[in-house]
*Asks:* 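I'd like to ask you about the structure that follows.
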Amino acid sequence: MSVRTRDWLKFIGLVGLAFILGLAFASALDLPKKTAAEPAILLQGAAQRPVVPAAKPVADLGDAFVAVAEQVKPAVVFITSEIRQRAGTRRLPPGFEDFFPNHPQIQEGSGSGFIVSPDGYILTNNHVVADAAKVTVRLLDNREFDAHVIGTDPQTDIAVIKIDARDLPIVAFGNSDSTRIGEWVLAIGNPLGSDFTFTVTAGIVSAKGRGLSGLQASRYAIQDFIQTDAAINPGNSGGPLVNVHGEVIGINSAIASETGFYSGYGFAIPINLARTVMPQLVASGHVQRAVIGVSIGRVSPEDAADVGLRDIRGVLVEGFAGDASPARRAGIELGDVIIELDGQPVNYVAQLQQRVGFKKPGETVQVTVLRKGGVRKTLSVRLAAQPTAEADQVAVASDAKGQADETAATTNRLGIAVEPLSSDDASRDPKLERAVASTGGALIVTDVSPDGPSYRKLSAAQSNPDLVLQVNGRPTRARADLRAALENIHSGDIVTLQVLRRTPDGWDTGIVRIRAR
């Protein structure tokens with residue numbers, strides 16, 4: 001073998017050895033192996049990774065929200081209304097009419113509603129369509145219809161309107177009574193005008209059985225709101241509140257806000273209440289209600305203690321709607337706490353209003369009450385028809401208590417200052433004058449001590465103070481009457497006051513129980 005050949009063999013052997021040593025070194029370092037297809041493989045693998053198990057319930061809930069929104073939105077409508085106010089009555093010089101025409105003023109509003117029958121019946125709020133000269137409905141598919149107002153009920157803020165259409169998508173009704181606090185809900189509607197139509201927001205049911213005193217249009221108004229933190233704004237009124245099964249459980253109606261816009265809490269009318277009202281509105285355009293003829297209020301801890309209730313529940317009898325009140329004739333007394341109706345527990349005001357209100361006038365109900373000392377009575381009350389607003393004002397005035405004389409008196413026992421209501425003061429308000437005519441006297445609450453037992457129970461507001469009519473059943477026409485009524489009261493005793501307060505309907509009586517200091 002030649003020298004040249006041996007050199008080539010040595011060179012090839014060295015190259016081979018270097019290659020083998022390089023492979024061994026790379027293997028020891030465990031370097032990644034790159035290929036042209038690697039990026040695509042890595043991306044494909046990332047896309048195929050399974051969802052984190054703990055996040056799956058959230059993903060499922062999101063899918064449920066999507067499914068509910070897709071199912072319900074086609075049945076939600078956008079409502080616009082026009083209220084035409086009368087033209088001005090200003091008198092103009094001849095020839096100026098063309099420059100200053102007296103056209104009727106048109107006030108426009110908007111809200112929401114939802115379709116409840118394939119032939120065009122729609123549920124919404126009374127305040128969305130009340131007094132409207134024209135109502136227009138727009139569907140999700142942008143079709144528009146003129147709507148006819150079938151009936152309205154201001155006491156529940158429910159209205160039924162109708163459009164001339166067929167084969168429309170409809171909602172499914174749920175059971176608002178079985179709705180639980182903490183359940184997820186969706187609010188669907190048209191907040192803040194036409195730019196945000198068919199908006200869906202989510203939240204939970206945060207409370208039930210709520211009342212909003214600022215919306216109390218009448219002493220017969222029924223407020224039993226479902227409270228939710230799903231965002232509700234002006235324009236959402238009349239839209240559905242829906243559970244995760246796609247069932248409507250309420251009609252969005254109001255918000256609690258100092259600005260007029262969403263601040264965390266919205267309120268919906270329970271759908272069970274709406275389903276009771278709706279057939280009467282469709283049949284006759286209005287709702288006929290029964291009453292037992294009492295003014296009622298919430299039970300305070302002092303009320304419960306006075307009648308021997310362990311739990312603070314029931315409804316307090318604060319006054320009667322005139323001498324013809326069915327409750328008064330049946331033997332119910334001021335200060336009684338109603339705890340049952342026809343053997344079923346009564347826990348709060350709206351519950352009693354609904355159970356009585358949707359019975360028929362002339363029916364007889366069994367009312368169970370507790371009174372001072374734990375005395376329990378069950379009385380038969382024959383229901384009357386709810387009076388008209390005018391008749392109700394007269395009844396309230398004839399039943400109210402109060403008028404007075406003399407100077408001011410202060411009682412440390414209750415922590416209030418009072419002075420008599422003069423005949424001149426009473427005569428300035430004809431309704432007040434009629435209200436106090438039957439008793440001949442009342443005391444005006446002029447001051448309430450912030451550290452006294454009457455604080456937040458009685459009002460001394462200069463524009464609208466409470467009037468004390470009776471203390472423990474004794475009329476308070478003057479300072480001496482009040483002192484006599486409190487003479488044998490000891491610290492810790494519960495004192496029952498009958499007071500007269502201004503309401504949207506005029507003046508009404510109420511019961512306030514205060515634990516003396």
Side-chain angles (χ1 to χ4, degrees), residues 126 151-158 211 216-224 273 276-277 279-281 283-298 314-346 348-371 377-401 431 434-435 437-438 498 500-501 503-511:
N126 170 73
T152 62
D153 181 35
Q155 310 299 350
T156 56
D157 194 25
I158 293 171
Q216 194 80 12
S218 149
R219 68 196 303 237
Y220 294 109
I222 298 177
Q223 295 192 347
D224 191 14
L273 175 57
T276 304
V277 171
Q280 294 192 55
L281 293 179
S284 63
H286 66 276
V287 177
Q288 183 182 38
R289 288 191 177 83
V291 296
I292 59 176
V294 293
S295 299
I296 53 180
R298 296 174 59 182
V315 174
L316 177 66
V317 177
E318 296 186 326
F320 297 103
D323 293 331
S325 161
R328 172 177 274 174
R329 289 201 303 253
I332 292 177
E333 299 178 357
L334 287 176
D336 283 353
V337 174
I338 298 173
I339 59 169
E340 290 183 2
L341 184 79
D342 289 336
Q344 297 298 312
V346 172
Y348 57 97
V349 169
Q351 193 176 53
L352 178 65
Q353 288 177 312
Q354 292 181 63
R355 291 183 183 174
V356 171
F358 295 113
K359 291 184 179 292
K360 294 181 180 178
E363 286 188 50
T364 298
V365 294
Q366 303 300 312
V367 181
T368 301
V369 301
L370 289 177
R371 54 185 56 154
K377 288 185 174 293
T378 299
L379 305 165
S380 295
V381 181
R382 185 179 177 85
L383 303 177
Q386 177 182 315
T388 62
E390 294 78 10
D392 182 48
Q393 287 184 3
V394 173
V396 171
S398 66
D399 183 62
K401 314 291 182 183
K431 293 180 180 179
R434 291 195 300 268
S438 62
Q498 185 180 8
L500 186 67
R501 287 172 168 161
T503 70
D505 297 325
W507 293 86
D508 205 355
T509 56
I511 293 293

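Just the heavy atoms: all of them, side chains too, but no hydrogens, waters or symmetry mates, feed the values below.
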*Asks:* Give a yes or no on whether the backbone of Asn126 and the side-chain of Asp157 come within a donor-acceptor separation of less than 3.5 Å.
*Replies:*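 Side chain of Asp157 to backbone of Asn126, a donor-acceptor pair under 3.5 Å: yes, one is there.
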
*Asks:* Of the non-hydrogen atoms in Ser380 and Thr364, which two are nearest, and what is the gap between them?
*Replies:* CB-CG2, 4.0 Å

*Asks:* Looking at Gly357, is its backbone amide N or carbonyl O close enough to the side chain of Gln386 to form a donor-acceptor pair, meaning the two atoms are under 3.5 Å apart?
*Replies:* no

*Asks:* In Å and rounded to the nearest 0.5 Å, what is the CD to OG1 distance from Glu318 to Thr509?
*Replies:* 7.5 Å

*Asks:* Identify the two heavy atoms, one from Pro361 and one from Ala290, that lie closest to each other, and give their separation to 0.1 Å.
*Replies:*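 The answer is N-CB, 3.9 Å.
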
*Asks:* Report the distance from atom NZ of Lys359 to atom CG of Leu341, rounding to the nearest 0.5 Å.
*Replies:*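 Reported value, rounded in 0.5 Å steps: 6.0 Å.
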
*Asks:* Are Arg289 and Phe358 side-chain neighbours, meaning at least one heavy-atom pair lies under 4.5 Å?
*Replies:* yes

*Asks:* To the nearest 0.5 Å, what is the distance between CG (Asp336) and CG (Leu379)?
*Replies:* 8.0 Å

*Asks:* Would Leu281 and Thr152 satisfy side-chain contact (heavy atoms from CB on, under 4.5 Å), going step by step from the backbone distance to the final call?
*Replies:* CA-CA 7 Å; Leu281 293 179; Thr152 62; 5.7 Å; no

*Asks:* Mind running side-chain contact (heavy atoms from CB on, under 4.5 Å) on Val287 and Gln155 for me, showing each step along the way?
*Replies:* CA-CA 9 Å; Val287 177; Gln155 310 299 350; over 6 Å; no

*Asks:* Where do Ile292 and Leu383 land on the side-chain contact (heavy atoms from CB on, under 4.5 Å) test, with the steps shown first?
*Replies:* CA-CA 5 Å; Ile292 59 176; Leu383 303 177; 3.1 Å; yes

*Asks:* To the closest 0.5 Å, what do you measure between CD (Glu333) and CD1 (Ile511)?
*Replies:* 11.0 Å

*Asks:* Please assess Ile339 against Val346 for the test side-chain contact (heavy atoms from CB on, under 4.5 Å), listing each intermediate value before the final yes or no.
*Replies:* CA-CA 5 Å; Ile339 59 169; Val346 172; 5.8 Å; no

*Asks:* Hey, what do you get for CD (Gln344) to CG (Leu352), rounding to the nearest 0.5 Å?
*Replies:*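 With rounding to 0.5 Å, CD (Gln344) is 13.0 Å from CG (Leu352).
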
*Asks:* Please find the pair of heavy atoms, one from Asp508 and one from Ser295, that lie closest to each other, and give the distance.
*Replies:* OD1-OG, 3.2 Å

*Asks:* Would you confirm whether Arg329, through its side chain, and Ala324, through its main-chain N or O, come within 3.5 Å as a donor-acceptor pair?
*Replies:*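 Looks like yes, one N/O pair under 3.5 Å.
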
*Asks:* CD of Gln353 to CG of Leu273: how many Å apart, nearest 0.5 Å?
*Replies:* 10.0 Å

*Asks:* Taking all atoms of both residues into account, what is the closest heavy-atom pair of Gly293 and Ser325, and its distance?
*Replies:*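 Heavy-atom minimum between the residues: O-OG, 2.6 Å.
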
*Asks:* Please confirm whether the backbone N or O of Gly362 pairs with a side-chain atom of Arg382, one donor and one acceptor, at under 3.5 Å?
*Replies:*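 Confirmed, Arg382 side chain pairs with Gly362 backbone.
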
